[in-house]
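For reference, the structure discussed in these notes is given below.
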Amino acid sequence: MVEYPRREKLAFLPTPIHKLEKLSKLLDGPEIYLKRDDITGSAVGGNKIRKLEYTVADAIDKGCDTLITCGGLQSNHCRATAFVATKLGLECHLVLNKTEEPKVEANLFLDKLAGAHIHYIPSEEYKKNLENLLKELQEKLNKQGKKAYVIPTGASFGIGNFGYIKAAEEVSKQCVEENVTFDYIVTAVGSGGTYTGLSMGQKLFLPKTKIVGINVSDDREYFVEKVKKISKESSAYMDKEIPIEEEVIHIIDGYVGLGYAKSRPEELKFIEDIARLEGVVFDPVYTGKAMFGLADQIKKGTFKKGEKILFIHTGGIFGIFPKAEMFELNQ
Ligand SMILES: *Cc1c(COP(=O)(O)O)cnc(C)c1O
């Protein structure tokens, strides 16, 4: 069906799927299932590992010995890259968006624990000049005799995208085994790679399923263009193009809230409610906002009783710790 590029086996796959019985009942709508990509293991879980499997294989095959990537101070992707690099004996450089005075905690602590080299960039400059900054660092390291490979934000690019094409194939096999068909797969959208991979995989493996994204940054228009761009990049590795037309891009805008990685009290309360209801931890930056959005859309009637939804738990648990004090726990 599809010729995958070579991958480094890093994630524990397949990740399990289980039903959120109580939440489904509480919302009185569709049956909600959860795919546990938060326990992909290896570099302590999350969706980025699937993309990094293909990305680092590409880096190694190109003779690179150093990885460079970028993200926010609490980036899950950077933390995953730091651990993957260590595991494979590569040097790791992280270019981080310094939006505030960095506190060495949660993901940032783990980056350092794994031995990554950290480069803090003032936010204004990061926003304006990221591509050049990455290129300059790459050139500098190469001059020192290294061979550095740049991974764009979230590993959301042509090669990393195969991680979620493969995940869609994995879901299709699980559907056969469990004799279930999902009407929708729902995921948070941050840099767009998870959504794009699932959308391409849907065309190959899940003809009856719609892929729905809930963006946690930027807006729908931005991601429509990004999805088209990433899918084009991936198609270059395949013998046929799998175009993702605008008609099949279902991105629900309206749940960014106060902005990327900023939380509203009702979002944190929702995370608390689900933790106590289902024993599952959603993160405040991605999955908490996306599930909050999904619950709201169920209330509004977008998703109905009798339908089945698979929500991808894309990980991010460490993102909850810097916000611990913002939770108003009842006890
Ligand atoms: C990066 C990330 C996402 C978003 O995935 P993209 O492929 O970047 O859109 C969702 N959840 C978590 C926990 C993440 O770290």
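In listed order, ligands and their atoms are each counted from 1. When a residue number appears, it is its place in the shown sequence, counting from 1.
- Judged by distance alone, with hydrogens and angles left aside, the side-chain atoms of N132 form no donor-acceptor pair with the main-chain N or O of K135 at under 3.5 Å.
- For F182 and Y33, the distance between ring centers is under 6.0 angstrom.
- Within ligand 1, the atoms closer than 4.0 Å to a non-hydrogen atom of G316 are 13 (C), numbered from 1 in the order shown.
- Residue H77 has no nitrogen or oxygen atom sitting less than 3.5 Å from a nitrogen or oxygen atom of ligand 1, judged on distance alone.
- The closest approach between any non-hydrogen atom of G46 and ligand 1 is not below 4.0 Å.
- Remark: minimum distance from atom 14 (C) of ligand 1 to any protein heavy atom is reached at K48 NZ, 2.9 Å.
- Ligand 1 has no atom lying under 4.0 Å from any heavy atom of G154.
- Those atoms of ligand 1 with a heavy atom of V189 less than 4.0 angstrom away are 9 (O).
- Here the options are E170, H313, H18, the test is side chain to side chain donor-acceptor pair (under 3.5 Å), and the partner is K35; only E170 passes.
- The cationic atom of R79 (NZ for Lys, CZ for Arg) does not lie both less than 6.0 Å from the six-membered ring centre of F318 and within 45° of the ring axis.
- Looking at atom 4 (C) of ligand 1, its nearest protein heavy atom turns out to be G190 N, 3.5 Å.
- For K308 and Y184, the positive end is not near the middle of the six-membered ring at less than 6.0 Å and at most 45° from its axis.
- The N/O atoms of K51, backbone and side chain alike, include one that comes under 3.5 Å of an N/O atom in ligand 1.
- Relative ring orientation between Y237 and F162 is described as perpendicular, the plane-to-plane angle rising above 60° on a 0-90° scale split at 30° and 60°.
- Considering backbone and side-chain atoms alike, N76 places an N or O below 3.5 Å from some N or O of ligand 1.
- Checking T187, T194, T40 one by one against N47, the side chain to side chain donor-acceptor pair (under 3.5 Å) holds for a single residue, T194.
- Ligand 1 places these atoms under 4.0 Å from at least one heavy atom of T314: 10 (C), 11 (N), 12 (C), 13 (C).
- Scanning the protein heavy atoms around atom 5 (O) of ligand 1, the nearest turns out to be N47 ND2, 3.0 Å.
- The shortest N/O to N/O separation between A188 and ligand 1 does not fall below 3.5 Å.
- Comment: D28 engages K305 in a salt bridge, judged by a side-chain N to carboxylate O separation of less than 4.0 angstrom.
- In terms of polar-atom proximity, S191 is counted as a contact of ligand 1, with an N or O under 3.5 Å from an N or O of the ligand.
- Using a cutoff of 4.0 Å between basic side-chain nitrogens and carboxylate oxygens, E245 and K203 are scored as salt-bridged.
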